[in-house]
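As structure tokens, the structure follows; a few thoughts come after it.
Every heavy atom of this structure was used, including side-chain atoms; hydrogens, water molecules and symmetry mates were not.
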Number of protein chains: 2
Amino acid sequence: MTPSDAIRAAGLRRTPARLTVYTHIQALARPVSHAELQEHPAIAAIDAITLYRTLAALLHGSLLHRVHGIDGTWRYCVQPRGAEGCPGNHAHFLCTTCGAMACLVAQPMPRVDVPTGAVVHGRHFLVHGQCGTCNANPSQPARHGDTA
Amino acid sequence: MTPSDAIRAAGLRRTPARLTVYTHIQALARPVSHAELQEHPAIAAIDAITLYRTLAALLHGSLLHRVHGIDGTWRYCVQPRGAEGCPGNHAHFLCTTCGAMACLVAQPMPRVDVPTGAVVHGRHFLVHGQCGTCNANPSQPARHGDTA
DNA sequence: GCTTTACATGCAAGTGACCTTCAGATAGGG
DNA sequence: CCCTATCTGAAGGTCACTTGCATGTAAAGC
């Protein structure tokens, strides 16, 4: 399914902003923040507020999912269509030096016992530290995307 | 060990603000945010910036530890002296309706495999949803502290 | 007990993520 | 091709948190 079709299939209008953003995030294939997206020329042309709303729309249409970092920002990643998606099924690694986030797809989310009466809406399992690149070059933080 | 002694033992100056804040957090025995602390009259008298710095000092002295919520705020909780502490050894539950957080002490933090070369500094496992109180009274969000 | 000084506090101002409002633009059904 | 629901952009606001600087104070040294 092309990005264009995916947007329509999700019941959303196919606007240039949504196409650009969705195509971009799909190409990156790792969780990226609002700020990281804005670094790209094609996306920088889109108003910052529109980018927030575009991400919210794609999220609502289940085309993306998002992960919260301990740096206070959300990162967005393509949602495999038909699958449960990131938030419910694996952990993430956040490099606190360069800000890059990686999916730990091999790390399944453990089951949890919550207090009686409580209802679980979601789970976030975040491991933070330093990625291999930043660890190897302490003086030169890696550019976003250098980390696997 | 009294709060006063604990502060000194951590190599910190024993100031009124630190004594008040530490005693208070110790009495609550659950993760509380900066905003929740300010609701208390004794702490409301302390300048908000000073409260941030007091929490940072107690954190640095290993008297407290903090947990990040997906609502973008840190919550602080007493650090059992000598123990590894919350962040490394159990999960937390956050009620997205009333904002209360509870420690899931029975839920140990799972082991994780990170990409080669990466170094782990910490792990956050947060379960979010609705606590029993909020779930029972959808119209009346629970006051902080009502939840176990 | 008194002095000294390094550290703590309070205030003002700033940053960064994100939301709300509203007028103008546009996708896409009819 | 038009009309309307929806999207976009710009301005302005909120909230958590930080920084800089002058004043206040804990506690070490005498």
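One side chain, A:R14 or A:S4, offers a donor N or O that lies under 3.5 Å from an acceptor on the other.
Phosphate contact (OP1/OP2 of C:dA17, side-chain N/O of A:R75, threshold under 4.0 Å): absent.
Using a 4.0 Å heavy-atom cutoff across all strands shown, B:T15 reaches sugar-phosphate atoms only and no base atom. The residue A:A17 sits close only to the backbone: its heavy atoms come under 4.0 Å of sugar-phosphate atoms, none of a base. If you check every strand for non-hydrogen atoms under 4.0 Å, A:T73 touches sugar and phosphate atoms only. Residue B:T54 is in sugar-phosphate contact alone, with no base atom involved, counting any heavy-atom pair closer than 4.0 Å across all strands shown.
For the pair B:L55 CG and C:dT9 C1', the interatomic distance rounds to 14 Å; values are reported in whole Å. Between B:I46 atom CD1 and C:dA8 atom P the separation is 15 Å, expressed in whole Å. In this structure, B:L51 atom CG and D:dT18 atom C1' are separated by 14 Å, rounded to whole Å. Between the OH atom of A:Y52 and the C1' atom of D:dC15 there is a distance of 13 Å, given to the nearest Å. The distance from atom CG of B:L12 to atom P of D:dA27 is 10 Å, rounded to the nearest whole Å. Taking atom CD1 on A:I70 and atom C1' on D:dA16, their separation rounds to 15 Å, with Å as the unit. Atom CD1 of B:I43 is separated from atom P of C:dT9 by 13 Å (rounded to the nearest Å). Nucleotide C:dT20 holds its C1' atom 14 Å from the CG atom of A:D47, rounded to whole Å.
With a 4.5 Å cut-off on side-chain heavy atoms, B:C103 and B:R30 do not count as touching. Residues B:F93 and A:V112 have side chains not in contact (no heavy-atom distance under 4.5 Å, counting atoms from C-beta outward). Contact check for A:C131 versus B:P115: no side-chain heavy atoms found under the 4.5 Å cut-off.
Residue A:H121 places its NE2 atom among more than 12 non-hydrogen atoms of other residues, nucleotides or ligands, all under 6.0 Å distant.
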Output a table of nitrogen or oxygen pairs between the protein and nucleotides 21-25 of chain C separated by less than 3.5 Å.
residue	atom	partner	partner atom	Å
C:dT21	O4	A:R53	NH1	3.1

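When each of B:R8 and A:A57 is assigned the nucleotide of DNA chain D with its nearest heavy atom, A:A57 is the one assigned upstream, toward the 5' end.
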Identify every side-chain donor-acceptor pair in residues 46-59 of chain B under 3.5 Å, counting partners at least two apart or on other chains, and give the distances.
residue	atom	partner	partner atom	Å
B:D47	OD2	B:I49	N	3.0
B:T54	OG1	B:T50	O	2.7

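Nearest to the side chain of B:W74, among C:dG10, C:dA27, D:dC17, sits D:dC17.
Not less than 6.0 angstrom separates the ring centroid of A:H124 from the ring centroid of B:H124.
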